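Working notes, beginning with the structure itself.
Predicted, not measured: the structure shown is a model, and the values here were computed from it.
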Amino acid sequence: MAGLDYERWKALDELDAGLCDARSYEEIQQKHPQEFARRDQDKYNYRYPMGESYKDVVQRLEPVIMELERQHNVLVICHQASLLIGCSLLCENCM
């Protein structure tokens, strides 16, 4: 990015779906019905096999959000789960 200062933070990566990575929810339901049911019961705390949970993503994003709150005029490019959780944490801190 010519002329722009930027940083890449691994903390902004997408939720790690572990063994279920790159599979659709339909595939997970067919190939891993017990895991699909466990996730459906508690999406926030459910941790994918060899992956992470939404709760894990919140914990890794908290320091990033704290840093962003100290900055002015930032552009954040990240994946869906990180974006939704990051926006939620930022809005929570605005109240």
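Judged as a salt bridge (charged side-chain N to carboxylate O under 4.0 Å, His left out), and not counting sequence neighbours, Glu62 has no contacts. For Asp42, the side chain to side chain contact (heavy atoms under 4.5 Å, CB included) test picks out Tyr44, Asn45, with sequence neighbours left out. Tyr46 pairs by the ring-ring contact (aromatic ring centres under 6.0 Å, His included) definition with Tyr48, not counting sequence neighbours. Residues meeting the side-chain hydrogen bond (donor to acceptor under 3.5 Å, both in side chains) test with Glu7, sequence neighbours left out: Trp9. Partners of Gln30 by side-chain hydrogen bond (donor to acceptor under 3.5 Å, both in side chains), not counting sequence neighbours: none found. Take Ala11 and apply the side chain to side chain contact (heavy atoms under 4.5 Å, CB included) test, not counting sequence neighbours, and it matches Val64. In this view, Glu26 and Ser24 satisfy the side-chain hydrogen bond (donor to acceptor under 3.5 Å, both in side chains) rule, not counting sequence neighbours. In this view, Arg39 satisfies the salt bridge (charged side-chain N to carboxylate O under 4.0 Å, His left out) rule with no residue, not counting sequence neighbours. Scored by the side chain to side chain contact (heavy atoms under 4.5 Å, CB included) test, Arg8 finds Lys10, Asp13 as partners (sequence neighbours excluded). In this structure Gln71 satisfies the side chain to side chain contact (heavy atoms under 4.5 Å, CB included) test together with Glu67, Val74, sequence neighbours excluded. Arg23 meets the salt bridge (charged side-chain N to carboxylate O under 4.0 Å, His left out) test with no other residue; sequence neighbours excluded.
Checking side-chain atoms of Glu69 against main-chain N and O of Leu90 turns up no donor-acceptor pair under 3.5 Å.
Of the inter-residue distances, the one linking Arg38 atom CZ with Asp40 atom CG reads 12.5 Å to the nearest 0.5 angstrom.
Looking at heavy atoms from C-beta onward, Leu61 lies in side-chain contact with Leu12 at the 4.5 angstrom threshold.
Under the salt bridge (Lys or Arg N to Asp or Glu O under 4.0 Å) criterion, the residue pairs touching residues 44-54 are Arg47-Asp56, Glu52-Arg60, with sequence neighbours excluded.
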